[in-house]
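Beneath this line is the structure, given in structure tokens, with notes to follow.
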Amino acid sequence: MDATFATGKELQKMDPVFGQLSFDDHEQIVFCNDKDTGLKAIIGIHNSVMGPALGGTRMWNYNTEWEALNDVLRLSRGMTYKSAITGLNIGGGKAVIIGDAKTQKTPELMRKFGEFVHSLGGRYITAEDVGMETKDMDTVRDVTPYVTGISEERGGSGNPSPITAYGVYLGMKAAAKSQFGTDVLDGKKVLVQGIGHVGEALVEYLTKEGAIVTITDINEERLLQVAAKYNAAIYTGNDLYTADVDIYAPCAMGAIINDDTVNKIKAKVIAGAANNQLADENVHGLRLQERGILYAPDFLINAGGIINVYAELEHYGKAEIMTKTENIYNTTLEIIDYAVKNGMTTHKAALTIAQNRIDARRIENAAKK
């Protein structure tokens with residue numbers, strides 16, 4: 001019997017991997033399973049035109065495997081554009097491990113994950129993300145060289161969170177300059193949602209400048225600790241999206257700007273560290289624009305972390321890491337200006353500029369063959 005193949009529309013109706021909207025022409029998806037350690041992981045390699053795919057590993061207790069798959073697809077796609085817009089010669093990839101990082105993560109599980117990373121021969125280079133620590137990357141390094149963000153004691157660049165937060169802070173200042181006419185955040189009301197490693201570091205930057213900071217997090221114990229440490233207010237309302245603030249900084253999970261929230265937001269600037277903040281980047285990006293809310297593209301302003309770990313591959317020091325991260329301020333202003341001149345959303349402007357760089361490299365690579 002002759003083999004038959006489903007069309008793109010048929011695949012979408014069937015809802016398999018290739019039919020997912022977030023698939024977006026991924027080059028490779030690897031499903032990793034190990035009975036002995038309990039490892040269940042997915043590695044997504046979105047695009048390697050600019051170089052090997054680099055992106056962190058997230059450990060999260062997903063409700064379903066489809067939720068995990070969709071997350072890794074969205075995240076790895078974002079890494080492609082994050083690296084391109086930042087000017088790094090690296091591709092986009094990401095990994096997720098399904099499980100509770102607090103109770104199920106073990107050195108054996110991390111080493112087994114490292115073996116799967118190693119089996120890809122350098123096509124994917126991993127790093128730290130949600131649910132991971134620098135020590136976990138050190139454990140992965142025991143079995144593969146294809147890992148960044150290892151401890152400084154082992155020759156790495158260490159925890160990327162402070163650099164990520166610094167880039168978000170600078171992107172926020174650039175967005176404030178465009179929206180309010182000044183990048184001075186002293187006296188500005190800022191709501192930070194999610195106070196993990198990056199969120200807390202952002203709170204510190206904002207507090208030092210004199211911003212009026214309100215924080216929220218699902219971890220009540222941590223919420224109280226950070227509030228006391230930085231004298232920040234804790235959000236106590238029923239719907240944080242309606243909070244009366246100037247700037248909203250999402251620093252937790254993605255897709256928080258969606259059909260339910262996009263019309264509630266009162267902030268005039270959205271600038272945070274979370275990846276994939278727009279549930280539908282076209283629909284919700286346009287709606288924010290229509291409402292006069294300036295959105296600082298997440299994959300641009302949270303690129304400090306990738307800049308930090310990329311330094312391990314290119315062997316440059318702290319000074320160049322800071323210089324590249326500080327350039328996020330200028331790039332944010334350029335993207336806002338590009339969006340205005342071309343009548344598009346800031347998210348679309350950032351994607352366009354990033355894709356142009358990837359396309360140029362693709363042509364360059366083809367010419368060399």
Side-chain angles (χ1 to χ4, degrees), residues 55-63 67-68 70-72 74-75 78-79 82 94 96-102 128-133 159-169 171-172 190-206 213-227 229-230 232-243 245 247-262 264-265 267 269-281 284 288 295-306 347:
T57 296
R58 171 173 294 183
M59 188 166 186
W60 191 257
N61 205 13
Y62 295 97
N63 293 318
E67 189 179 290
N70 190 55
D71 201 28
V72 76
R74 283 169 59 87
L75 289 166
M79 292 305 300
K82 180 182 299 190
K94 205 81 174 184
V96 298
I97 297 175
I98 301 172
D100 189 329
K102 293 181 180 178
E128 180 184 327
D129 202 330
V130 175
M132 291 292 158
E133 307 283 346
N159 181 9
S161 298
I163 304 298
T164 302
Y166 185 52
V168 172
Y169 169 67
M172 182 185 292
V190 184
L191 173 63
V192 180
Q193 178 189 18
I195 46 171
H197 296 310
V198 176
E200 181 182 345
L202 179 60
V203 168
E204 183 176 2
Y205 282 117
L206 292 169
V213 181
T214 302
I215 59 176
T216 180
D217 196 278
I218 58 174
N219 187 331
E220 189 172 348
E221 182 181 352
R222 180 160 178 80
L223 197 59
L224 294 171
Q225 290 174 345
V226 174
K229 185 175 180 180
Y230 300 101
I234 296 175
Y235 181 75
T236 57
N238 296 321
D239 191 342
L240 66 90
Y241 303 101
T242 64
V245 295
I247 301 170
Y248 167 45
C251 296
M253 300 299 281
I256 37 70
I257 301 168
N258 50 52
D259 289 342
D260 294 329
T261 63
V262 70
K264 297 179 181 179
I265 297 170
V269 168
I270 298 176
N275 288 302
N276 302 312
Q277 293 167 26
L278 304 176
D280 185 313
E281 59 194 44
H284 301 125
L288 290 177
Y295 175 67
D298 50 57
F299 64 86
L300 165 63
I301 70 171
N302 69 10
I306 197 75
H347 186 88

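Closest heavy-atom contact between M253 and A274: O-CB, 3.8 Å. Across all their heavy atoms, P162 and A201 have their closest contact at CA-CB, 4.3 Å. Minimum interatomic distance between A271 and A296 (heavy atoms only, all atoms of both residues): CB-CB, 3.9 Å. The nearest pair of heavy atoms linking A68 to V96 is O-CG2, 3.8 Å. Heavy atoms only, all atoms of each residue included: A101 and G131 are closest at CB-O, 3.5 Å. For the residue pair A273 and V198, the shortest heavy atom distance occurs at CB-CG1, 3.5 Å.
Between D129 and T57, the closest side-chain pair of non-hydrogen atoms is not below 4.5 Å. Here the side chains of Y169 and E204 are not in contact, with every heavy-atom distance at 4.5 Å or above. In this structure the side chain of L240 reaches within 4.5 angstrom of the side chain of L191, judged on heavy atoms. Under the 4.5 Å side-chain criterion, counting only non-hydrogen atoms from C-beta, D239 is in contact with K264. Annotation: side chain of I97 is not in contact with side chain of R58 (no heavy-atom distance under 4.5 Å). The shortest distance between side-chain heavy atoms of N275 and N302 falls below 4.5 Å. Between D71 and W60 the shortest side-chain heavy-atom distance does not fall below 4.5 Å. With contacts defined as side-chain heavy-atom distances shorter than 4.5 Å, the pair I301/M172 does not qualify.
For the side chain to side chain contact (heavy atoms under 4.5 Å, CB included) with P250, the lone residue among D298, I256, V192 that qualifies is I256. Considering T214, L224, T216 in turn, L224 is the only one that fulfils the side chain to side chain contact (heavy atoms under 4.5 Å, CB included) rule with I234.
Atom CG in L202 sits 4.5 Å away from atom CG in L206 (nearest 0.5 Å). Distance check, rounded to the nearest 0.5 Å: SG of C251 to NE2 of H197 gives 13.5 Å. Here the OH atom belonging to Y241 is positioned 9.0 Å from the CG atom belonging to D260, to the nearest 0.5 angstrom. Rounding to the nearest 0.5 angstrom, the gap separating the CD1 atom in I265 from the CG atom in L288 is 5.5 Å.
A donor-acceptor distance shorter than 3.5 angstrom exists from the side chain of H284 to the backbone of D259, with no hydrogens or angles considered. Side-chain N or O atoms of E281 include none that pairs as donor or acceptor with a backbone N or O of L278 at under 3.5 Å. One N or O on the side chain of N258 and one on the backbone of A255 form a donor-acceptor pair closer than 3.5 Å. In this structure a side-chain-to-backbone donor-acceptor pair under 3.5 Å is present from R222 to I195. At least one donor-acceptor pair closer than 3.5 Å links the side chain of T164 to the backbone N or O of G305.
The aromatic rings of H347 and F299 stand perpendicular to each other, their planes meeting at an angle above 60°, with 30° marking the opposite boundary.
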Item to complete: Tell me, with the steps shown, if Y230 and I215 meet side chain to side chain contact (heavy atoms under 4.5 Å, CB included).
Response: CA-CA 10 Å; Y230 300 101; I215 59 176; over 6 Å; no

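Salt bridge status for E200 with K229: present, with a side-chain N to carboxylate O gap under 4.0 Å.
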